[in-house]
Student: 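Here it is: the structure, laid out below.
Naming: A, B, ... by sequence-line order, numbering from 1 per chain. For the numbers below, each heavy atom of this structure counts, side chains included, while hydrogens, waters and symmetry mates do not. Everything quoted here is computed from the prediction, not taken from an experiment.
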Protein chains: 2
Amino acid sequence: MNRLPVAERREQLIEAALAVASRDGIDAATVRAIAAEAGVSLGVVHYCFQDKDELLRAMAHAITSQNLARSLGDLPERADLDTVVDGVIDALWTGISESRGPQLLSYELTTSSLRHAELNQVAIEQYRGQWSAVEQVLELIERTAQVGWTIPRSLVARAVVAVIDGYSLAWLVDGDGEQARAGLQGFGQFLKTLTVPVALEPDVDERAAVGAPDGATA
Amino acid sequence: MNRLPVAERREQLIEAALAVASRDGIDAATVRAIAAEAGVSLGVVHYCFQDKDELLRAMAHAITSQNLARSLGDLPERADLDTVVDGVIDALWTGISESRGPQLLSYELTTSSLRHAELNQVAIEQYRGQWSAVEQVLELIERTAQVGWTIPRSLVARAVVAVIDGYSLAWLVDGDGEQARAGLQGFGQFLKTLTVPVALEPDVDERAAVGAPDGATA
DNA sequence: GGTCGTCCTGGTCGGTTGTCCAAGTCAAGT
DNA sequence: ACTTGACTTGGACAACCGACCAGGACGACC
């Protein structure tokens, strides 16, 4: 096989691990299976990574980076609240429903991280990334539809991630994507009731919310 | 060791498997670990169960039965909507937050079921049980607070399970139980907006909802 | 008290896993 | 041409896994 500098070989192995784990589950992502998927021999893996855990951590990190990059890819123009919220939810759910394997893998990674000490940081990084990504989407909604929130934005983001997780899990189990999409759209309706229009200023930086003056966001 | 009829030994092994898997994760629930936890020798497990998978399926079934029984245990008396909804959510979250291990195990079981063909039925049974349990709780709310729903009850149940799953996952990851409780209470507020008061009849059997005349519940 | 079916024991087997290592291969620099 | 260092190879190892089995121990029933 062709020789590669260790940095590129690492990325190739990370992609191979991602492919195997997404297709066959995290338990099937053995060192041998990953090496075979990448088309390299067994020893290469431990030449590029000290542990199998280091490879899995790198794979998880790649996932969160991808998610964060993907969620910020689709940015609509100026539109009213209904259009932008429905559009964001629709794009988001389409992205999820088209990647069943990776979505399931992310839950496997979460549970594994919560059990095995050597993967401890994986889950929290995963969720910190999701929360902050959703917060950025929420900021985009604020700017696009000229609204603010009646509760702190971080709480809204947490709720969004929770609802998405819940409906995604249900969809993974029973395969009913239409019901999941409908449920998320219903949640979108609820989200709109948490907004208040904000008229002035082309860029509202912060504290666009009314009421709830005890912002405890760190 | 004392001799037991195979039926009782099976239940003991199921409990032992539940204990090991809740404490150390589903991967740690090996045949040897379960036998050691139960205080029996290795061969007993394959004497009582044909497969390890059969034992795991029995364990999963025991979990869903417990959950279903537990969720119907706490039934308040006649009260107004705010009291009963807040009370149900509080009791439900208390039950979850006091059993971190089993809660995490249920997610491990779900993902494992979705990957391994021999556990295929586990996840769907798990969720069918949860959906129907929540539906029964919703019926209890209807009777207690004299209300109906503006959308089909099954969709409400699905939303409830999804939101609980999402906040539970977040809580498992970051350990912030207070934020999870607050988020669920906020969802409870939203739930109340989906209700309509229903005045007459001591027992309203079905079709207490207004609008949405296309009931598609099978 | 002897017999028979139920239950238990502990070792063994083949297979898989992560990890390691001695040797081999290749390209670049002198 | 030769050396040096980076990269690759494939086998070996111990540990662990689920599954299996020959045999021992126990209690109930005739």
Side-chain angles (χ1 to χ4, degrees), chain A residues 1-21 23-60 108-109 112-113 115-120 122, chain B residues 1-21 23-60 108-109 112-113 115-120 122:
Chain A
M1 74 159 316
N2 54 345
R3 295 165 72 90
L4 250 58
V6 60
E8 296 182 23
R9 187 66 76 195
R10 278 175 63 103
E11 292 191 16
Q12 182 198 1
L13 286 173
I14 291 172
E15 276 190 39
L18 204 60
V20 175
R23 187 189 338 119
D24 303 322
I26 199 176
D27 290 335
T30 67
V31 175
R32 283 170 175 80
I34 294 170
E37 176 84 16
V40 301
S41 65
L42 186 57
V44 173
V45 179
H46 283 89
Y47 179 76
C48 298
F49 297 92
Q50 198 170 19
D51 264 346
K52 180 197 175 185
D53 299 317
E54 188 184 320
L55 171 54
L56 286 187
R57 280 192 296 267
M59 183 190 73
E108 294 181 280
L109 271 175
S112 286
S113 163
R115 290 292 190 188
H116 308 311
E118 58 273 9
L119 297 178
N120 250 347
V122 167
Chain B
M1 71 159 317
N2 53 345
R3 294 165 71 90
L4 250 58
V6 60
E8 296 182 23
R9 185 67 76 196
R10 277 174 64 104
E11 292 191 16
Q12 182 198 1
L13 286 173
I14 290 173
E15 277 190 39
L18 204 61
V20 175
R23 186 188 339 117
D24 302 324
I26 198 177
D27 290 333
T30 66
V31 174
R32 284 169 174 81
I34 293 171
E37 177 83 17
V40 301
S41 64
L42 187 57
V44 174
V45 178
H46 282 90
Y47 178 76
C48 297
F49 297 91
Q50 197 171 21
D51 264 346
K52 181 197 174 185
D53 298 317
E54 188 184 321
L55 171 53
L56 285 187
R57 279 193 297 266
M59 183 189 72
E108 294 181 279
L109 271 174
S112 286
S113 163
R115 291 291 191 187
H116 308 313
E118 58 273 10
L119 298 178
N120 250 347
V122 167

Student: For a salt bridge (charged side-chain N to carboxylate O under 4.0 Å, His left out) check, start with the C-alpha distance between A:R10 and A:E54, then their side-chain angles and the critical distance, and finish with the verdict.
Tutor: CA-CA 11 Å; A:R10 278 175 63 103; A:E54 188 184 320; 3.3 Å; yes
Student: Rounded to the nearest angstrom, tell me the gap between atom NE2 in A:H116 and atom P in C:dT17.
Tutor: 15 Å
Student: For a quick check of understanding: with a heavy-atom distance under 4.0 Å over all strands, which category does A:D53 fall into, base, sugar-phosphate or nothing?
Tutor: nothing
Student: Give the nucleotide from the list D:dG11, D:dA19, D:dT8 with an atom nearest to the side chain of A:L42.
Tutor: D:dG11
Student: Keeping A:S113 on the side-chain end and A:L109 on the backbone end, is there a donor-acceptor pair under 3.5 Å?
Tutor: no
Student: Can you check the B:E8 CD to C:dC8 P distance for me, whole Å?
Tutor: 10 Å
Student: Is A:E118 paired with A:K52 through a side-chain N to carboxylate O contact shorter than 4.0 Å?
Tutor: no
Student: Is it the case that D:dA6 (base atoms only) and A:R3 (side chain only) share a donor and an acceptor within less than 3.5 Å, ignoring hydrogens and angles?
Tutor: yes
Student: Would the base of C:dT16 count as contacting A:R32 through its side chain, where contact means a donor and an acceptor less than 3.5 Å apart?
Tutor: no
Student: By nearest atom, which of the nucleotides C:dC8, D:dA19, D:dC7 is closest to the A:V6 side chain?
Tutor: D:dC7
Student: Can you find a pair of side-chain heavy atoms, one from B:R9 and one from B:V40, that are under 4.5 Å apart?
Tutor: yes
Student: Could you check B:V40 against A:T30 and say which one's nearest nucleotide on DNA chain C is further toward the 5' end?
Tutor: B:V40
Student: Rounding to a whole Å, what distance do you find between A:D51:CG and C:dT17:P?
Tutor: 17 Å
Student: Using a heavy-atom cut-off of 4.0 Å across all strands, would you classify A:S41 as base, sugar-phosphate, or nothing?
Tutor: base
Student: D:dT8 C1' sits how many Å from A:R10 CZ, rounded?
Tutor: 17 Å
Student: Between A:H46 and C:dC20, does any side-chain N or O lie under 4.0 Å from OP1 or OP2?
Tutor: no
Student: Provide, to the nearest angstrom, the distance between the CG atom belonging to B:D27 and the P atom belonging to C:dT17.
Tutor: 13 Å
Student: Any side-chain heavy atom of A:D24 within less than 4.5 Å of one from B:R115?
Tutor: no
Student: Between A:I26 (CD1) and C:dT17 (P), how many Å, whole number?
Tutor: 14 Å
Student: Mapping B:R9 and A:Q50 to their closest nucleotides on DNA chain C, which lands nearer the 5' end?
Tutor: B:R9
Student: Can you figure out which of D:dA12, C:dG18, D:dT8 approaches the side chain of A:K52 most closely?
Tutor: C:dG18
Student: Just how far, in rounded Å, is P of C:dT16 from CG of A:D24?
Tutor: 15 Å
Student: Quick one: label B:V31 by what it contacts on the DNA or RNA (base, sugar-phosphate, nothing), any heavy atom closer than 4.0 Å.
Tutor: sugar-phosphate
Student: Does A:Y47 have a side-chain nitrogen or oxygen under 4.0 Å from the phosphate oxygens OP1 or OP2 of D:dC7?
Tutor: yes
Student: Round to the nearest Å and state the distance from A:I34 atom CD1 to C:dT16 atom C1'.
Tutor: 15 Å
